Amino acid sequence: MTVASRREWLLSDRPESRRQARLGQIYRTWLSFKTNWLAMIGLGIVLLLCVVAVFADVIAPYDPVIGGDLRTERFLPPFTGDHLLGTDDLARDIFSRIVHGARLTLMVVALVAVIATPIGLLVGTTSGYFGGWVDTVLMRVTDIFLAFPRLILALAFVAALGPGIENAIIAIAITSWPPYARLARAETLTIRDSDYINAARLQGASSARILWGHITPLCLSSVIIRVTLDMAGIILTAAGLGFLGLGAQPPQPEWGAMIASGRRFIIDFWWVATVPGIAIFVVSLGFNLLGDGLRDVLDPKAHGNTDTAKARP
Amino acid sequence: MNALLTVKDLRIAFPSRNGPVEVVRGVNFTLGRERLGIVGESGSGKSQTGRAILGLTPSPGLATAKQLEFDGIDLRQASPATWRSLRGARMSMVMQDPKFSLNPVMTIGRQILEALKFHGRESRAASKARAMAMLEAVQIRDPERVFRAYPHELSGGMGQRAMIAMMLVSEPDLLIADEPTSALDVTVQIEVLRILDNLVSERGMGLIFISHDLRLVSSFCDRVLVMYAGKVVEELRASDLAKAQHPYTQGLMNCLPKIEGGARPLPVLQRDAAWAT
Ligand SMILES: Nc1ncnc2c1ncn2[C@@H]1O[C@H](COP(=O)(O)OP(=O)(O)OP(=O)(O)O)[C@@H](O)[C@H]1O
Ligand SMILES: [Mg+2]
């Protein structure tokens, strides 16, 4: 099939199979996403982050933890020799550290999303579905979590659990579920009394089954959009914890911790702290742009864009 | 005749700013293994009566009764576990509006299979075969496609039949059908009624058939309850509908168009405030 005819097949008004209709719909969503160049930049950055994280071992020219010769190779400025971004106080290649740091950053984001989303969904749907005192108790707990600034609460948890990247991930996950719970609860309230939930009850389904099989899938799409929009915040919190010495521990090449260790030399050797700072900035910007773009194409209410909205099952 | 379902003094109230409003006010009836029709104008409380029997009165509504008994089981004090074992397996309800009663993000097939999953002990393949047979029985031409379709991909009538299939596949002892054929054309309607009829006569199912269509009810059901403003104003055998005593029923009968021309101008139903008390 040539490119032109494949395009026609995808954009056909009369799809011949469900698969064609589905693929055509995805293609159309992609077309409208593509016109948003900011979102495309975001997508590019996030894809780059993923590629770098996966192939870190191949891309990085040096070991991220073991430095070079401490007498001759400390604080080399960018573009000296084959040290693309220079070296730091322990003569480690900064580019290699950034590349390996991408892996840590991606791991933090992914794990937090995987831990916090189910907690938020579970709390939100349960409280919305049962209402009454269950709702009151769960929502007051959520309110307590929401009342603290995210970083402060995460700090408190890490202080209690002990510093380290795993504990930082747990702490960030514990502090990021409340907005998802609120969102899931609101969605649940709108569908809990609908007739198709009654129909499931009529078939003899238990509450757990209705919650898991019927209500959660309906809440999922809005919660997922919210999670993508939150990813930049997660990265910043992780970097903040690293900077304060409570997240990743040296010699792990975590970007926030790298800034913290380079801070002491910022006047004389600016690049040691600046380069990881730029990396954090670029990646969180990328996630924000991507999240905004996704919301525009996926959320039918935000846009007059009805044709992308209809065929999502 | 042993009663499958006994309802005594069923009342349903919704709280409002001016105190509770009773929308069903003391309904009594018993149902054997027969076809019972409920007719009445819109808003007379037919659907709410049906829902209350299955314990699905929407909150904040409250249903109370002196007696509400299904096959010897007191439904007023039924535990959630009892409800789960009853609903679907032994009693079920075809709800009025298929557009709202099918889950928009699940395929029809999955929704039909759910009922079997809770109560059946069969293999997946056997369940699927049963579901397909049921879809075919409700006159769906292309069951394979409908099985894999999402509710928005179906027409109103197809949705209604899918809903009927979903509620009948577990072969309940009591079925409450809330205007199950309102979106169907006459040929399909007859077919669906025939399925219901078979279930009543062969398996001894009890059927409560809620409808606006007086003519349909009088030809299809054994007995008819006529509801007005939350009360049963008249209960009579379907064949005796012409001999109705209550002025509301008589009015309804007079409004039916007759083949031999009939009255002109068409009679208008004159409501009497005394009927509602
Ligand atoms: N959730 C609710 N809150 C308050 N009042 C309600 C609620 N649901 C129904 N009602 C009231 O209960 C009464 C009976 O409603 P019901 O649905 O039983 O009518 P119906 O006889 O089925 O009418 P139709 O033929 O139009 O389906 C109506 O007056 C309605 O306003
Ligand atoms: Mg109704």
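As the structure is a prediction and not an experimental result, all values here were calculated from the model. A, B, ... follow the sequence lines: proteins, then strands. Residue 1 opens every chain.
Heavy atoms of B:Met95 lying under 4.5 Å from chain A belong exclusively to its side chain. The contact between B:Arg51 and chain A is made entirely by side chain atoms (from C-beta outward), counting heavy-atom distances below 4.5 Å. With a 4.5 angstrom heavy-atom cutoff, B:Ile176 does not touch chain A via any of its atoms. Only the side chain of A:Asp193 comes within less than 4.5 Å of a heavy atom of chain B; its backbone N, CA, C and O stay farther away. Proximity to chain A is limited to the side chain of B:Met163, based on heavy atoms less than 4.5 angstrom apart. In this structure, chain A has a heavy atom under 4.5 Å from the side chain of B:Leu54, while its backbone stays farther away. Using a 4.5 Å cut-off between heavy atoms, B:Glu153 contacts chain A through its side chain alone, with no backbone atom that close. Contacts between B:Arg90 and chain A at a heavy-atom distance below 4.5 Å are absent for every atom of the residue.
To the nearest 0.5 Å, atom CG of residue B:Asp71 and atom CE of residue B:Met91 are 10.0 Å apart.
Under the 4.0 Å criterion applied to side-chain N and carboxylate O atoms, B:Glu114 and A:Arg209 are assigned as salt-bridge partners.
A:Trp9 does not carry A:Arg6 over the face of its six-membered ring by the limits of under 6.0 Å from the centre and within 45° of the normal.
Here the side chains of A:Leu11 and A:Arg28 are in contact, with some heavy-atom distance below 4.5 Å.
Between B:Gln160 and B:Ser182, the side chains place a donor N or O and an acceptor N or O closer than 3.5 Å (distance only, hydrogens not considered).
Remark: B:Arg110 CZ is loosely packed, at most 12 non-hydrogen atoms of other residues, nucleotides or ligands lying under 6.0 Å away.
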